[in-house]
Amino acid sequence: MYYNVCTMPVEELLKRCLRKERKAWDEFVRSYDNLVSRSVRYKLKSMNIHACGAEIEDTVQEIFLYIWEKDKLRGVSDVSCLEGWIAIVSFNFTSTCHMRRDARDIRDTHSLEEFHTCDDVSVSLGEMLESPTLNTEDMVYTNELVDLVENEVLKLPVKQRLAIKFNMYDGKKQKDIAEIMDLPISHVSTLIKRAKNSIRKGIKNIIDV
Amino acid sequence: MVRKLVYSSRGVKHLSSEKKGVKVHRICLSEEVLSEYIGGVLSSKERDSVEEHLSRCSRCRKMVSDVHTVLKKSSAGKIRAKLRGWLKRNFWLIGSFLAFVFSFFLSGYFFQLLTAAALMGAKWVFDSRTSKTLIMVYEAWKKGDKEGTEELLSRFKTR
Ligand SMILES: [Zn+2]
């Protein structure tokens, strides 16, 4: 198992890879193989795709080949961005690759006639819309409330809006948000508190009116 | 709807829509810009502009958040791997130290444990990469291989 075990400085490694030096490229692959593999696994998991080890290994190899052939490393402006860039490229490649594969599978396995046979299964609209917890009135109320919150969030200053979206929409912890936004945790905590207060005030004003 | 382009020259990727019911055509951030944001190399003005986009685009936000998670896990893995590597490299040294310490507590086996400590210590010295490199440097120098010696020495210095 390797975790970025370059024997030469990353800047030098990048330069040599751009010059298409085989030895440097081998070292690059060895150093970042684990990161690419981890990114592929993470993406597949988030897409609810179960893939075996060999499939993941194939995707990892394809990603390195793609970076090599398309000379993608030219897009890396700074060494400190390299790991993030590799993860992004791996995510994008994995999702594109699997979307293409899925489309091909559907085309290969289903004929047009097969789709028609689906009519045989009769499901009533009531069954499809059945919800044990929410009735229509509740749903309308919830939707209206969601819209109200959305509007209030849009009125927030950028930093507050981003912090609250990471926190409330994406479920990120304050520590993680602070790392992403490159701010102290106390600052992030203040941003979130202020944003929540503004949203609460805005909704209260509208409901009162 | 005002079209706002973030890094229009480098950011052509896909369309995204977050506001319900309204089709918002926004050009998303490119792989390069996103990685520069994560790497913290953008100027404060560029950062603000990227954050403006992130605060409205769930797709790019998810990307940033996913990359952060993967890199965080990866750095934890790096620490574990470093620790594993250190333990592997210093296995004989640890053994030697333990044998030396136990030799005082188990007085019946004092000399045996002391010998074991000395043997393991010697094994660690001859197994360590530094000694191996120095032996290789010496052998290359003895053979008169000037280029090989220099390469080995430079490798030794950069470690
Ligand atoms: Zn976007």
Side-chain angles (χ1 to χ4, degrees), chain A residues 1-5 7-9 32 34-43 46 72 74-93 143 146-147 150-151 153-154 156-166 169-172 175-177 179-182, chain B residues 10 13-14 18-22 24 28-42 44 47-85 129 154-156 158-159:
Chain A
M1 197 186 262
Y2 295 96
Y3 289 95
N4 187 13
V5 282
T7 50
M8 67 175 95
Y32 296 102
N34 199 272
L35 176 61
V36 174
S37 164
R38 191 183 285 278
S39 307
V40 171
R41 277 173 211 275
Y42 185 90
K43 189 71 198 175
S46 74
K72 293 284 283 179
R74 290 206 186 276
V76 183
S77 59
D78 195 291
V79 262
S80 50
C81 314
L82 183 63
E83 292 196 347
W85 179 86
I86 290 173
I88 296 171
V89 170
S90 307
F91 284 157
N92 285 340
F93 188 92
N143 281 345
V146 168
D147 284 346
E150 277 277 325
N151 284 334
V153 169
L154 284 174
L156 294 170
V158 176
K159 294 257 180 209
Q160 282 185 30
R161 192 164 62 220
L162 184 57
I164 201 85
K165 286 214 170 175
F166 270 134
Y169 289 50
D170 309 334
K172 282 254 148 204
K175 188 176 161 266
D176 295 330
I177 301 169
E179 280 170 14
I180 294 171
M181 293 178 73
D182 202 12
Chain B
R10 294 193 284 158
K13 270 285 144 190
H14 51 257
E18 196 172 67
K19 205 173 184 317
K20 244 172 42 183
V22 185
V24 185
C28 271
L29 303 169
S30 69
E31 288 161 351
E32 288 77 34
V33 176
L34 280 173
S35 63
E36 281 164 11
Y37 177 75
I38 295 160
V41 295
L42 295 176
S44 66
R47 229 184 142 71
D48 288 347
S49 144
V50 169
E51 283 179 345
E52 219 287 319
H53 179 87
L54 290 178
S55 72
R56 290 169 190 273
C57 175
S58 60
R59 186 179 170 147
C60 290
R61 209 168 53 240
K62 186 171 182 339
M63 180 64 87
V64 169
S65 154
D66 287 351
V67 171
H68 177 260
T69 310
V70 166
L71 292 185
K72 214 171 130 184
K73 277 186 185 168
S74 168
S75 59
K78 262 186 218 170
I79 293 166
R80 271 200 303 274
K82 265 188 186 167
L83 190 70
R84 256 202 311 272
R129 281 197 296 174
S154 71
R155 251 202 278 165
F156 181 64
T158 51
R159 184 169 299 151

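Keep in mind it's a predicted model, so treat the numbers as computed, not measured. Labels below follow one simple rule: chain letters A, B, ... track the order of the sequence lines, proteins then strands, and each chain is numbered from 1.
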(Q) Please classify the contact between Val41(B) and chain A as side chain, backbone, both or neither, with a heavy-atom cut-off of under 4.5 Å. (A) side chain
Q. At a heavy-atom separation under 4.5 Å, does Ile38(B) approach chain A through its side chain, its backbone, both, or neither?
A. side chain
Q: Determine the minimum heavy-atom distance between Val70(B) and Ser39(A), stating which atoms define it.
A: CG1-OG, 3.6 Å
**Q.** Nearest atoms (heavy-atom pairs only) where Lys165(A) meets Val153(A)
**A.** CE-CG1, 3.8 Å
Q: Go through the atoms of Asp170(A) and report whether side chain, backbone, both or neither lie under 4.5 Å from a heavy atom of chain B.
A: side chain
**Q.** Residues that Asp48(B) engages under side chain to side chain contact (heavy atoms under 4.5 Å, CB included), provided they are two or more places apart
**A.** Lys159(A), Glu51(B)
**Q.** Residues forming a side chain to side chain contact (heavy atoms under 4.5 Å, CB included) with Asp66(B), sequence neighbours excluded
**A.** Tyr42(A), Phe91(A), Lys62(B)
